[in-house]
Amino acid sequence: MLRKIPCFRLRTNRFSSLSVPPTQTISPSLPISNQKHLCIKGHLKEALLEMAIEGERVCFEVYDSLLTQCLNQRAIREGQRVHAHIIKTGYLPPVYLGTRLIVMYNKCDCLNDARQMLDEMPERNVVSWTAMISAYSQRGYTFEALDLFVQMLRSGTPPNGFTFATILTSCSGACGLNHGRQIHSLVIKRNFEPHIFVGSSLLDMYAKAGRIHEARGVFERLPERDVVSCTAIIAGYAQLGLDEEALELFRQLQKEGMESNYVTYASVLTALSGLAALDHGRQVHNRVLRSELPSYVVLKNSLIDMYSKCGNLTYSRRVFDGMSERTVITWNAMLVGYGKHGLGREVVELFRLMRKENEVKPDSITFMAVISGCSHGGLVDEGLSIFEEMISAENGVEPEIEHYGCVVDLLGRAGQVHRALAFIEQMPFIPTAAIWGSLLGACRVHANVTVGEYVARCLFDIEPQNAGNYVILSNLYASVGRWEDVTMLRQMMMEKSVTKEPGRSWIKQGQMLHSFHASDRSHPRREEVAAKVKELSEKIKEAGYVPDLSCVLYDVDDEQKERILLGHSEKLALAFGMIGTPLGLPIRIMKNLRICVDCHNFAKYLSKAYIREVSLRDSNRFHHIVGGRCSCGDYW
DNA sequence: GTAGGGTTAG
């Protein structure tokens with residue numbers, strides 16, 4: 001339970017009682033009329049021209065005003081001229097102006113010049129140090145940021161809240177955790193933990209390193225909360241896939257008076273996407289519309305993703321079409337959506353539109369989405385030509401191992417297993433488990449035992465504890481009738497004590513989300529569900545369904561294996577759906593792992609025999625099963 | 001003059 005803290009503050013007050021307000025020390029003015037100062041405001045080029053003609057020293061305020069204009073306009077040439085003027089006239093910049101120059105250079109993407117400025121400053125203070133640390137931090141130069149922070153400590157300048165809030169953002173991820181902890185002790189020592197900016201940064205650091213309990217601890221200790229700190233902790237849960245916890249916390253904090261903004265809603269939508277909670281997602285969408293929040297691209301991107309992950313691509317596209325401004329993430333979210341639903345044609349079409357409109361440049365994720373979309377949609381030639389285009393053209397996007405992985409998937413799917421293997425062997429990367437795994441899947445689908453065995457051996461070396469690989473190889477052996485090898489695999493798993501992550505399936509009925517795990521005895525209607533599975537099984541057997549016993553890797557007799565298969569969570573959810581979903585409506589199911597071969601087959605027969613549409617989202621993609629056929633083309 | 005949370009992929 002949450003500790004009740006009534007103190008919520010609004011965003012308008014940016015400075016907490018602990019933070020130091022900006023200093024206002026201005027050096028004495030040099031000769032210049034106020035009138036002239038006013039004159040040059042807003043006219044950067046004219047002002048510079050005038051300064052160049054007169055060649056005289058100008059007052060501090062003029063430099064200040066000019067630098068503001070330079071950084072607002074990202075006008076680096078003009079900024080350099082101001083800097084040169086300062087030096088030429090022998091006006092040694094005071095700490096304030098030096099810091100302004102650091103910020104100006106940073107905003108104009110001239111990090112080296114910013115650093116040079118800091119190094120040349122005869123005097124530095126906490127603001128100048130922090131400005132430079134922030135510059136490194138914003139651009140992802142983690143090492144440089146930390147190094148400078150240490151130098152700052154050694155110089156005897158005490159960090160302030162700005163410094164801590166900044167440096168902690170450079171400690172994100174598992175690699176930064178050690179540094180983050182050290183800085184945390186410093187934060188405690190200097191009594192900055194209750195500082196709302198420092199606290200938010202600190203809890204975010206822990207959340208991003210996967211230490212959600214430590215993050216929650218920091219959050220609970222905050223003497224006051226605001227929208228950022230609350231969003232940070234909600235987002236922390238959502239990013240770790242702890243969707244239910246994220247939503248529970250959101251509800252709780254709302255009750256306690258938290259305000260929400262577009263970042264909060266974007267994080268909540270992430271959690272809802274994870275749960276495939278379409279109705280709740282729509283409610284959030286309605287609330288966003290009612291709250292008259294400005295139209296934030298980030299929020300729309302989240303909506304596109306939420307609708308696609310909740311199975312409703314039409315709504316995704318509606319949001320996409322209604323956007324007046326789109327970023328590369330907008331396009332990527334839509335492309336990924338089409339891909340996961342197996343709509344290869346739409347992926348390619350949208351990619352061409354993206355090229356044509358040329359508003360935003362495709363990035364590494366775009367190419368991944370497009371090639372993988374082609375793969376899931378069965379468009380082998382298109383996928384290959386886009387990969388070729390990526391390699392040859394100057395897109396500014398270097399192919400990464402993931403792109404090679406998409407091509408392996410593409411070739412494997414097309415049955416070109418040998419070509420996929422050759423492709424792996426000549427690619428400039430060491431293949432990962434994901435790449436071998438994708439090829440093993442292809443070997444199963446295309447019943448290629450020779451390559452499959454080789455690939456499985458590679459996989460067993462890399463990740464001996466992943467049960468999924470053994471199951472796929474077992475399916476492959478079974479498909480060619482090599483039952484003794486199926487037995488051998490089972491023994492191998494026993495020896496290595498390989499365990500499988502428990503499979504879970506969810507189905508929504510009314511307002512309730514029903515969860516099932518294999519051989520579930522916990523559901524209140526378990527008897528009814530089990531009987532329904534049996535009934536369905538009998539009926540579809542008449543239509544030709546044969547249980548795929550190779551999906552069971554326990555050493556039991558065939559009768560027992562069939563019983564185990566009937567207890568799979570997907571089948572329980574399917575049966576539950578058949579009981580409660582009105583005729584004519586699709587049965588929507590979600591699974592935490594990839595769907596099993598036998599359950600996939602079961603759903604296909606069921607969709608035909610009962611004329612029922614099944615929409616199943618597994619950990620990899622959507623399966624739209626209609627009339628005995630699946631949108632994945634039996635390849636996943 | 002310096003500060004915290006967010007969206008796409010794997």
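The chains referred to below are lettered A, B, ... by the order of the sequence lines, with proteins before strands, and numbering in each begins at 1.
- Checking B:dG10, B:dT2, B:dG4 against every side-chain atom of A:K340, the shortest atom distance belongs to B:dG10.
- Note on A:Q138: a side-chain N or O is less than 4.0 Å away from OP1 or OP2 of B:dA3.
- Backbone-only engagement by A:T169 is indicated by non-hydrogen atom pairs under 4.0 Å involving sugar-phosphate atoms exclusively.
- Using a 4.0 Å heavy-atom cutoff across all strands shown, A:S201 reaches sugar-phosphate atoms only and no base atom.
- When only modelled atom types and interatomic distance are considered, A:T169 and A:S137 share a side-chain donor-acceptor pair under 3.5 Å.
- Judged as a side-chain contact (heavy atoms from CB on, under 4.5 Å), and not counting sequence neighbours, the contacts of A:L411 are A:L384, A:V407, A:Q416, A:R419, A:A420, A:F423.
- Judged by atom type and distance alone, A:D226 reaches the base of B:dG4 through a side-chain donor-acceptor pair under 3.5 Å.
- As judged by a 4.0 angstrom heavy-atom cut-off over every strand, A:V198 is placed among residues making no nucleic acid contact.
- For the pair A:S267 and B:dG6, the criterion of a side-chain N or O lying under 4.0 Å from OP1 or OP2 is not met.
- Following rounding to the nearest Å, A:R216 (CZ) and B:dG5 (P) show an atom-to-atom distance of 19 Å.
- No contact: A:A369 has no heavy atom under 4.0 Å from any strand.
- Between A:N160 atom CG and B:dA3 atom C1' the separation is 8 Å, expressed in whole Å.
- Distances were taken from every side-chain heavy atom of A:I329 (C-beta onward) to each of B:dG6, B:dT2, B:dT8; the shortest belongs to B:dT8.
- Considering only the side chain of A:K208, B:dG6 comes nearest among B:dG6, B:dA3, B:dT8.
- Neither OP1 nor OP2 of B:dG5 sits under 4.0 Å from any side-chain N or O of A:Q239.
- Residue A:D204 contributes atom CG, which lies 10 Å from atom P of B:dG4 at whole-angstrom precision.
- Between the side chain of A:Y296 and the base of B:dG6 there is no donor-acceptor pair of N/O atoms closer than 3.5 Å.
- Per the geometry, CZ belonging to A:R621 stands 12 Å off P belonging to B:dG10, to the nearest Å.
- Note on A:E214 versus A:R181: salt bridge recorded, some NZ/NE/NH1/NH2 to OD/OE distance being below 4.0 Å.
- When only modelled atom types and interatomic distance are considered, A:H184 and A:E193 share a side-chain donor-acceptor pair under 3.5 Å.
- Listed nucleotides B:dA3, B:dG5, B:dG10 differ in distance to A:M368; the shortest reach to its side chain belongs to B:dG10.
- One can place CE of A:M354 at 11 Å from C1' of B:dT8, the figure rounded to the nearest angstrom.
- Nucleotide B:dT2 holds its C1' atom 15 Å from the CG atom of A:L67, rounded to whole Å.
- Applying the side chain to side chain donor-acceptor pair (under 3.5 Å) test to A:N466 and every residue at least two apart in sequence or in another chain returns A:E463.
- The ring pair (Phe, Tyr, Trp, His ring centres under 6.0 Å) contacts involving residues 98-124 of chain A comprise A:H83-A:Y105, where partners must be two or more places apart or lie in separate chains.
- Put simply, the residue from A:L71, A:L101, A:L111 that forms a side-chain contact (heavy atoms from CB on, under 4.5 Å) with A:N106 is A:L111.
- Of the residues in residues 300-317 of chain A, those placing a heavy atom less than 4.0 Å from an atom of DNA chain B are A:N301, A:S302, A:D305, A:K309, in numerical order.
- Minimum atom distance to the side chain of A:A232 is reached by B:dG5, of the listed B:dT2, B:dG5, B:dG4.
- Rounded to an integer number of Å, the gap from A:M117 CE to B:dT2 P is 16 Å.
- Closest to the A:I365 side chain, of the nucleotides B:dG6, B:dT2, B:dT8, is B:dT8.
- Every residue was checked against the ring pair (Phe, Tyr, Trp, His ring centres under 6.0 Å) condition with A:F149, not counting sequence neighbours, and none meets it.
- Residues meeting the side-chain contact (heavy atoms from CB on, under 4.5 Å) test with A:C310, sequence neighbours left out: A:L278, A:M306.
- Among the atoms of the strands shown, base atoms are found under 4.0 Å from some heavy atom of A:S229.
- If you measure from atom CE of A:M323 to atom C1' of B:dT8, you get 12 Å, rounded to the nearest angstrom.
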